[in-house]
Amino acid sequence: MGRQLGGTKKTLAGEIDKLPELPEVETIRSELEKLIPGKVFSCPVIHFPGTIENPAPEDFIVALEGKKVEKVTRRGKYLFINLDQGILVVHLRMTGNLIYSSDGCFTGERFLRLSLPFKDGSALHYADMRRFGRLWYVSSEKELEEIVLKNVGPDIYNELDCEEFEKLLTKREKRGLKALLLDQAFAAGMGNIYTDECLFRCGFNPNRQVYTLSKDERKNLYRSIRAVLEDGIAYGGTSFRDYRNAAGALGDFQNKLAVYNRAGEKCTRCGAEIIKTVVAGRGTYYCPCCQPEPGQERKK
DNA sequence: AGCACCACCTGTGGGC
DNA sequence: TGCCCACAGGTGGTGC
């Protein structure tokens, strides 16, 4: 086969399923925002109790029933369905999938973990092959911070300007760039794929440490993060498909990837061979020429 | 403080 | 052909 598409595979009912990083979660958020505000939850059906992180599954059911959706928001990869009382939180982790169904039906039974029907007959279904994803119900903003977002920093796309970003960097001068960008406590939203793409765009080796970056390079890092996320949002999943009308245009950011999953292929900028290593415990792709090892920057 | 490593899961790809 | 195992990545926990 050709190169494995970045985190893309066919799953339920032949739909394309992308790994949910910030742009995918943002896409889901903006589509859900058009679909569910004003709807009232009826009784949830839990197919796999481990999916419910808080409160206990039986209390989750009681808490959600009768609550009305007001808006859909996000921080990093956490999706918030704000209710007239409390907040429903969703984290898709690796293989989670939220599926809206206007008639409430869902036929891909295999990985269905939770069904959230609305009183009007439509429903939101949560499917998750690997069961890593989690949902929470919290009764207040205070609980949200204490129970869910205790170790989650500001949203790297919506809640940080360049100045604030640089200020956060000064508190992490000793950290490696890739490990830092993946650290959701530093700033929330970057995943493995977008981190590699971002570091390629600014030409920084994943192992380079913050303190080696000049003022200009820090601004460049910020700009590259924004650019790669903007591109991801622009290309990633242009449609949150109604399960009964799975006809939306499909996002195509995989084909824009410059380094991720391209080990052995030629760098699009210089033609050198893309390398794969492990950094911060993750498969890491970079161009050894465009992103020279720390200390070798001048040998370009 | 910062990082390595593991666990949680399950489908897939490559090696033999 | 078919079995086996390493691997994939987000988060949280442990331990150095």
Side-chain angles (χ1 to χ4, degrees), chain A residues 1-26 28 47-54 74-79 89-98 108-114 126-136 146-153 155-156 168-199 205-212 232 253-254 257 259-264 276-285 294:
Chain A
M1 61 170 285
R3 114 181 121 84
Q4 169 92 311
L5 299 178
T8 297
K9 52 191 162 270
K10 295 217 172 197
T11 57
L12 307 170
E15 293 190 37
I16 300 285
D17 186 21
K18 290 196 296 304
L19 279 173
E21 295 203 28
L22 185 149
E24 283 70 38
V25 179
E26 173 57 23
I28 291 169
H47 308 288
F48 174 66
T51 293
I52 310 301
E53 184 76 20
N54 183 80
R74 183 188 60 72
R75 189 200 290 185
K77 301 164 199 163
Y78 291 81
L79 185 74
V89 184
V90 184
H91 195 304
L92 303 171
R93 295 279 177 94
M94 311 291 302
T95 53
N97 207 352
L98 272 178
E109 301 295 334
R110 194 166 174 203
F111 303 123
L112 185 61
R113 308 304 180 196
L114 175 69
Y126 179 72
D128 188 354
M129 181 180 78
R130 289 171 69 178
R131 310 191 222 220
F132 283 155
R134 292 290 181 269
L135 286 89
W136 298 254
E146 288 171 356
I147 295 174
V148 185
L149 302 177
K150 208 165 35 172
N151 296 312
V152 179
D155 185 89
I156 202 163
L168 286 185
L169 282 185
T170 66
K171 297 179 198 163
R172 328 270 171 141
E173 296 283 352
K174 287 280 183 63
R175 300 201 64 179
L177 292 181
K178 173 141 184 176
L180 182 64
L181 293 184
L182 287 176
D183 182 354
Q184 306 296 297
F186 164 68
M190 294 296 278
N192 199 41
I193 298 170
Y194 288 95
T195 296
D196 279 5
E197 292 300 311
C198 167
L199 292 174
N205 187 279
N207 280 315
R208 216 167 138 187
Q209 289 171 291
V210 173
Y211 73 85
T212 70
F253 191 67
Q254 301 81 28
L257 296 177
V259 286
Y260 186 83
N261 231 11
R262 296 193 63 232
K276 182 186 181 187
T277 57
V278 175
V279 177
R282 301 277 164 250
T284 298
Y285 302 84

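Each chain gets a letter, A, B and so on, in the order the sequences are listed, and its residues count up from 1.
- Across the protein-nucleic acid pair, A:Ile156 atom CD1 and C:dG10 atom C1' stand 15 Å apart, rounded to whole Å.
- No option in A:Asn205, A:Leu181, A:Thr284 other than A:Leu181 meets the side-chain contact (heavy atoms from CB on, under 4.5 Å) test with A:Leu199.
- Across all their heavy atoms, A:His91 and A:Trp136 have their closest contact at CB-CZ3, 3.8 Å.
- Of the residues in residues 170-178 of chain A, those with a non-hydrogen atom less than 4.0 angstrom from any atom of DNA chain B are A:Lys174, A:Arg175, A:Gly176.
- Closest non-hydrogen pair, A:Arg75 versus A:Asp155, comes out as C-OD1, 3.6 Å.
- For the pair A:Glu53 (side chain) and A:Arg134 (backbone), a donor-acceptor distance under 3.5 Å is absent.
- Summarising the geometry, the separation between CH2 on A:Trp136 and C1' on C:dG12 is reported as 11 Å, rounded to the nearest angstrom.
- A donor-acceptor pair is defined here as one N or O able to donate and one able to accept, closer than 3.5 Å; no such pair exists between the side chain of A:Gln209 and the backbone of A:Glu173.
- For A:Arg282 and B:dC6, the CZ to P distance is 13 Å, given to the nearest whole Å.
- Using bins of under 30°, 30° to 60° and over 60° for the plane-to-plane angle, the ring pair A:Tyr260/A:Tyr285 lands in the perpendicular bin.
- Within residues 179-188 of chain A, the residues having any heavy atom under 4.0 Å from DNA chain C are, by residue number, A:Gln184.
- At distances below 3.5 Å, at least one donor-acceptor pair connects side-chain atoms of A:Gln184 with backbone N or O atoms of A:Met190.
- A:Val25 and A:Arg74 make their closest contact through CG1-CD, 3.6 Å (heavy atoms, listed as atom of the first residue, atom of the second, distance).
- Side-chain polar atoms of A:Asn192 and A:Lys178 form a donor-acceptor pair below 3.5 angstrom.
- For the pair A:Arg113 (side chain) and A:Asp128 (backbone), a donor-acceptor distance under 3.5 Å is present.
- A:Arg282 meets the salt bridge (charged side-chain N to carboxylate O under 4.0 Å, His left out) test with no other residue; sequence neighbours excluded.
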For DNA chain C, just give me the dot-bracket, please: Watson-Crick or G-U, both distances below 3.5 Å, ( ) intra-strand, [ ] crossing earlier pairs, | paired with another strand, . unpaired.
.|||||||.|||||||
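- Following rounding to the nearest Å, A:Tyr285 (OH) and C:dC7 (P) show an atom-to-atom distance of 11 Å.
- To the nearest whole angstrom, the two P atoms, one in B:dC9 and one in C:dG13, are 15 Å apart.
- Contact between A:Ala188 and A:Val152 at its shortest, heavy atoms only, is CB-CG1, 3.6 Å.
- Taking atom CD on A:Glu21 and atom C1' on C:dG10, their separation rounds to 10 Å, with Å as the unit.
- By the side chain to side chain contact (heavy atoms under 4.5 Å, CB included) test, A:Glu146 is found to be paired with A:Lys142, residues two or more places apart in sequence or in another chain being considered.
- Atom-to-atom, CE of A:Met94 to P of C:dG12 comes out at 14 Å; the value is rounded to the nearest Å.
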Could you list all N or O pairs between the protein and nucleotides 8-10 of chain B that sit under 3.5 Å apart?
{"from": "B:dC9", "atom 1": "O2", "to": "A:Arg130", "atom 2": "NE", "distance (Å)": "2.2"}
{"from": "B:dC9", "atom 1": "O2", "to": "A:Arg130", "atom 2": "NH2", "distance (Å)": "2.8"}
{"from": "B:dC9", "atom 1": "N3", "to": "A:Arg130", "atom 2": "NH2", "distance (Å)": "2.9"}
{"from": "B:dT10", "atom 1": "OP1", "to": "A:Arg131", "atom 2": "NE", "distance (Å)": "2.6"}
{"from": "B:dT10", "atom 1": "OP1", "to": "A:Arg131", "atom 2": "NH2", "distance (Å)": "2.4"}

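- Contact between the side-chain N/O atoms of A:His91 and the OP1/OP2 oxygens of C:dG10 is not found at any separation under 4.0 Å.
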